[in-house]
Amino acid sequence: MKKILGFDLDDTLAVTKSPLPDEMAEILGKVLEKYEICIISGADFEQINKQVISRLKVKNHLLNCVHVMPTCGARYYKYDESSETWNMQYAKDLSQSEIEEISRVVEEEAKNAGIWPENPYGDVIENRGGQVTFAGLGTKAPAEEKYKWTNTFSAERELMRSKLAERLPGLEVRLGGTTSIDITKVGIDKAFGINQLIDVLDISKEEIVYFGDKMQEGGNDYPVRAMGVDCVEVDGWKTTKYALLGLLAVS
């Protein structure tokens, strides 16, 4: 029997960088009455809190069943009901020298690929502690502009990811959200996060179902599929919604 449902965030639970829709917030509340959940995303904790946690209308004790793994599993947060705070359980952060080198190479390869934005919406390269992220339009770009961008530059982004992987062989380089590329320490990816969860909860991978939209090789959800966890590939939050409604109907 499944005990844990794992989720990517953008384009799996919500529109990119947008709050959880009311329907999804309600469904996740019902899910938490039957399963523990893990949000494992390229976003940092503050973004996950803004998009997901703050939208959950559940009693505090159910937050004990939520596992938050920002930056593709490089960090792990759990809720402390007594203090009503989210506490970090571990951090596999990049060093300052690694961050500087990654940032330099990312800018070079984005310019080589012709996708370095001249007038970005916010930061193009973001240091998230355990991860450096390239955002093709900037970190504060509107969702509609991001979807237009990815439709136009998907091939260029994949080429850039491949070039970065060649130039940063000691690091993990994955396609992230709609316009992003995520870089973490070698061995630190979503499979690492899921394996940490397996150890903490003393469960097997057969007791997990994972939902994500980047399951292709090179995508940041791919490592979870590759480790043999049952996965549901989705193409947006509405697909996830219908899958969860079906799961709730039979559980």
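If you read the sequence from its start, that first residue is 1, and numbering goes on from there.
Counted by atom type alone, Lys146 and Thr179 present zero donor-acceptor pairs between their side chains at under 3.5 Å. Using a 3.5 Å distance cut-off with no hydrogens or angles, the side chains of Ser41 and Asp8 do not pair a donor with an acceptor. Looking only at atom types and distance, the side chain of Ser162 has no donor-acceptor partner in the side chain of Glu166 under 3.5 Å away.
Side-chain contact check for Met160 versus Val106: some heavy-atom pair is nearer than 4.5 Å. Using a 4.5 Å heavy-atom cutoff, the side chains of Leu63 and Val58 are in contact. Using a 4.5 Å heavy-atom cutoff, the side chains of Ile37 and Ile4 are not in contact. Inter-residue side-chain proximity for Gln196 and Phe192 is flagged as met; some heavy-atom pair is nearer than 4.5 Å. Counting heavy atoms from C-beta on, the side chains of Met227 and Ile194 come closer than 4.5 Å. Looking only at side-chain heavy atoms (C-beta outward), Ile39 and Leu13 come within less than 4.5 Å of each other. Under the 4.5 Å side-chain criterion, counting only non-hydrogen atoms from C-beta, Glu126 is not in contact with Val132. Contact of the Ser18 side chain with the Thr16 side chain is not registered, since no non-hydrogen atoms from C-beta on lie closer than 4.5 Å.
Between the side chain of Asn49 and the main chain of Phe45, no donor-acceptor pair closer than 3.5 Å is present.
For the side-chain contact (heavy atoms from CB on, under 4.5 Å) test, residues two or more places apart in sequence or in another chain that qualify with Glu100 are Gln96. By the side-chain contact (heavy atoms from CB on, under 4.5 Å) test, Asp93 pairs with Arg75, Ala91, sequence neighbours left out. Every residue two or more places apart in sequence or in another chain was checked for a ring pair (Phe, Tyr, Trp, His ring centres under 6.0 Å) with Tyr222, and none qualifies. With sequence neighbours excluded, the residues forming a side-chain contact (heavy atoms from CB on, under 4.5 Å) with Leu159 are Lys163, listed by chain and number. Checked against side-chain contact (heavy atoms from CB on, under 4.5 Å), Glu81 has the following partners two or more places apart in sequence or in another chain: Asn60, His61, Asn64, Tyr79.
Between Arg104 and Glu108 there is a salt bridge, with a side-chain nitrogen of the basic residue lying less than 4.0 Å from a carboxylate oxygen of the acidic one. Under the 4.0 Å criterion applied to side-chain N and carboxylate O atoms, Lys30 and Glu33 are not assigned as salt-bridge partners. Under 4.0 Å is where a charged nitrogen must lie from a carboxylate oxygen, and between Glu109 and Arg167 at least one such pair does. Using a 4.0 Å cut-off between charged nitrogen and carboxylate oxygen, Glu26 and Lys57 do not count as a salt-bridge pair.
For the pair Asp44 and Thr71, the tightest heavy-atom approach, listed with the atom from each and the gap, is CA-CG2, 4.5 Å. Residues Phe134 and Ala110 come closest through the heavy atom pair CE1-CB, 3.7 Å. Looking at every heavy atom in both residues, Glu156 comes nearest to Ile115 through CB-CG2, 3.8 Å. Here the closest non-hydrogen pair linking Gly177 and Ser180 is N-OG, 2.6 Å. Considering all non-hydrogen atoms of both residues, Ala14 and Pro19 come closest at CB-O, 3.9 Å. Closest non-hydrogen pair, Cys72 versus Gln131, comes out as SG-OE1, 3.4 Å.
Evaluated for a salt bridge (Lys or Arg N to Asp or Glu O under 4.0 Å) with Asp221, the options Arg174, Lys214, Lys190 yield exactly one hit, Lys190. For the side chain to side chain contact (heavy atoms under 4.5 Å, CB included) with Ile40, the lone residue among Tyr210, Phe7, Tyr76 that qualifies is Tyr210. Partner of Thr178 under the side chain to side chain donor-acceptor pair (under 3.5 Å) criterion, chosen from Asn151, Asp11, Asp10: Asp11.
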Kindly list each side-chain donor-acceptor pair under 3.5 angstrom involving residues 238-250, sequence neighbours excluded, with atom names and distances?
from, atom 1, to, atom 2, distance (Å)
Thr239, OG1, Asp235, OD1, 2.4
Thr240, OG1, Thr12, O, 2.7
Lys241, NZ, Glu23, OE1, 2.9

Legend entry - Asp123/Thr139 under side-chain hydrogen bond (donor to acceptor under 3.5 Å, both in side chains): CA gap, chis, key distance, verdict: CA-CA 6 Å; Asp123 295 331; Thr139 55; 5.0 Å; no
